[in-house]
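Letters go in sequence order (proteins before strands), and every chain restarts at 1.
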Number of protein chains: 2
Amino acid sequence: MNVHSVYYFMEQVVNKIDKKALILDTTLILLSENGFHGTPISLIAEKAGIGAGTIYRYFKNKEELINVLFIEIQRRIINSMYSGYDETAPYQERFNVLWINMINYYRKHPKDLIFIEQHRYAPYVSTITRSESMRILSPVLLFFLEGKKRKYIKHLPLYTIIGLIYGPIVTIVKLNLDHNREITDEQIIHAEKACWDAVKYNNI
Amino acid sequence: MNVHSVYYFMEQVVNKIDKKALILDTTLILLSENGFHGTPISLIAEKAGIGAGTIYRYFKNKEELINVLFIEIQRRIINSMYSGYDETAPYQERFNVLWINMINYYRKHPKDLIFIEQHRYAPYVSTITRSESMRILSPVLLFFLEGKKRKYIKHLPLYTIIGLIYGPIVTIVKLNLDHNREITDEQIIHAEKACWDAVKYNNI
DNA sequence: ATAAACGGAATGAACGTTCATTCCGATGCA
DNA sequence: TGCATCGGAATGAACGTTCATTCCGTTTAT
């Protein structure tokens, strides 16, 4: 393989990634707008400007397409949560960063929220996807366990803690979205404080 | 209309209601298990032990069936929230009753939770259903507004408050359900306290 | 006897998926 | 360099299946 063929090979790989990403992006938009049974493969192909058969070069079937998309978005969310995260900062400050990064991600990418929450318990999301999803989540889970152990946060079951922290994020963004309200930064600051009030350790 | 025809008329109405309820019950079970596109009308008919055509005697189409079911379940949830509710009790106590009744409803009827949350933002849930849903919710919304006005709870936008209170209920029940965990009464008591901590008014 | 209720086969539209074919840039050869 | 050949990517018409809905003969109720 000479220099030229390497170059062309690279270009081909890039194109492949681009097309795969194009399919994923288009699918996300359509799924979040119309749901699973409202987005036929033919529509995804049309909106992406490609042939229907092409999708099957990149994904085994519709189910796999959605599973890949699910994992991809989960990864993006967790990534964005850790932007500006300082491991050495005090616990409450780190909580603040994680919580606000997360709600801001959903605020900026409402389609991701709709998609993730619509598909988290969907029957065609595979067991493999579920466990992969858990793996991606694990740093956050460890963060909660640390908080419990060091008595920064209340000694509650993990799922209760996640519920108290993640539940409001989903519901607040969804409600505002559904009623075409913009969430202000001030609202987010207050909501974060309230969430912290819910989980912070106190001896009373 | 003589006595007999009244009697028969009544019986007919009862049968009709029974069959309608049977269709709704069956639909709920199948939808929460398999989702919208996993529950064809033919399957609903089969599981209900009736013909597919019969369903169309009670509902105009599949969409209407789901919209009716949505409203019906919403109504049941709100009803059960107000069991044992004492208007004259202190605010925090009333909060306690409403919150625990609600989470207990979902605990006892997980299919209702799955269904409601899966369809709340589904495109085939009509605008009419959405506004009817809001109407059913209104006593709860008024309860929050009262709390804000009288400074029992924080002065936060309504959707933030709902998020802080309802969000955890959904997420906690869903998480435990998905991981086959039983929620204990103790967990619920603690979660309720934490939720109250999130929204309760404080001057700090 | 009459009419309403019912069941489930029939219908046709829509869907996911396949595959024979086309397209196009890379490669080999002169 | 110019031309022929090659091979994988892309295409979209076609296929078989599934589904919501309709239709009509049968059953049930009065």
Side-chain angles (χ1 to χ4, degrees), chain A residues 1-24 26-27 30-31 34-69 122-126, chain B residues 1-24 26-27 30-31 33-69 119 122-126:
Chain A
M1 195 185 271
N2 62 29
V3 176
H4 280 96
S5 66
V6 166
Y7 171 76
Y8 284 122
F9 173 74
M10 290 296 289
E11 193 173 56
Q12 200 178 319
V13 168
V14 169
N15 281 339
K16 233 182 172 170
I17 290 169
D18 281 349
K19 192 153 284 183
K20 193 167 186 177
L22 173 69
I23 294 166
L24 285 170
T26 310
T27 304
L30 293 173
L31 274 180
N34 312 316
F36 185 96
H37 71 280
T39 67
I41 293 283
S42 57
L43 187 65
I44 297 172
E46 191 193 309
K47 293 276 179 188
I50 59 173
T54 308
I55 290 170
Y56 289 84
R57 297 204 70 76
Y58 297 93
F59 304 96
K60 209 180 74 208
N61 51 35
K62 195 180 179 184
E63 202 169 307
E64 191 194 90
L65 166 57
I66 283 160
N67 278 267
V68 169
L69 185 59
Y124 44 86
V125 169
S126 72
Chain B
M1 195 185 270
N2 62 29
V3 177
H4 280 94
S5 65
V6 165
Y7 171 76
Y8 284 121
F9 173 74
M10 291 295 287
E11 193 174 56
Q12 197 179 320
V13 167
V14 169
N15 281 339
K16 238 185 170 165
I17 289 171
D18 281 349
K19 193 154 285 186
K20 193 167 186 176
L22 174 69
I23 293 167
L24 286 170
T26 309
T27 304
L30 293 173
L31 274 180
E33 278 169 4
N34 313 316
F36 186 96
H37 71 280
T39 68
I41 292 284
S42 58
L43 186 65
I44 297 172
E46 191 194 309
K47 292 277 178 186
I50 59 173
T54 307
I55 290 171
Y56 288 84
R57 297 204 66 76
Y58 296 94
F59 304 96
K60 208 179 74 207
N61 51 35
K62 195 180 178 183
E63 202 170 307
E64 191 193 270
L65 166 57
I66 284 160
N67 277 267
V68 168
L69 185 58
H119 291 87
Y124 44 85
V125 168
S126 72

First of A:Gly38 and A:Lys60 reached from the 5' end of DNA chain C, by closest nucleotide: A:Gly38
Answer yes or no: does a side-chain N or O of A:Thr54 lie under 4.0 Å from OP1 or OP2 of D:dT11? yes
Rounded to whole angstrom units, what separation is found between the NZ atom of B:Lys20 and the P atom of C:dC6? 13 Å
May I ask you to verify if any side-chain N or O of A:Lys19 is less than 4.0 angstrom from the OP1 or OP2 atom of D:dA10? yes
Can you check the A:Ile44 CD1 to D:dG12 P distance for me, whole Å? 16 Å
Minimum-distance nucleotide to B:Arg57 side chain [options: D:dT21, C:dC6, C:dG7]: C:dC6
Using the six-membered ring wherever Trp is involved, compare the ring planes of A:His37 and B:Tyr124 and label them parallel, tilted or perpendicular (cut-offs 30° and 60°). tilted
Whole angstrom value for the distance that separates C1' of C:dG7 from CD of B:Glu46: 13 Å
Pairwise side-chain contact, B:Leu31 with B:His119, heavy-atom cut-off 4.5 Å (strictly under): yes
Just by protein heavy atoms under 4.0 Å, how would nucleotides 13-18 of chain D read 5' to 3' in B, S and -? ------
What is the separation between atom CG on B:Leu22 and atom P on C:dC6, rounded to the nearest whole Å? 11 Å
For A:Ser126, side-chain hydrogen bond (donor to acceptor under 3.5 Å, both in side chains) partners two or more places apart: A:Asn67, A:Thr129
Is any side-chain heavy atom of A:Thr27 closer than 4.5 Å to one of A:Ile55? no
Spacing of CZ belonging to B:Arg57 relative to OG1 belonging to B:Thr54, to within rounding of 0.5 Å: 8.0 Å
Any side-chain N or O of B:Tyr58 less than 4.0 Å from the OP1 or OP2 oxygen of C:dC6? yes
Taking N or O atoms only and anything under 3.5 Å, show me the protein contacts with nucleotides 24-26 of chain D, one pair per line.
none

For B:Ile50 versus B:Ile23, what's the shortest heavy-atom pair and its separation? CD1-CG1, 3.7 Å
B:Asp18 CG to C:dC6 P, in whole Å, measures 11 Å
Close side-chain approach of A:Tyr58 and A:Leu24, heavy atoms under 4.5 Å: no
Which whole-number value in Å describes the distance from B:Tyr56 OH to D:dT21 P? 4 Å
Heavy atoms only: give me the nearest B:Thr39-B:Lys62 pair and the separation to one decimal. O-NZ, 3.1 Å
In whole Å, what is the span from the CG atom of B:Leu31 to the P atom of D:dA20? 10 Å
Can you check the B:Ile55 CD1 to D:dT22 P distance for me, whole Å? 13 Å
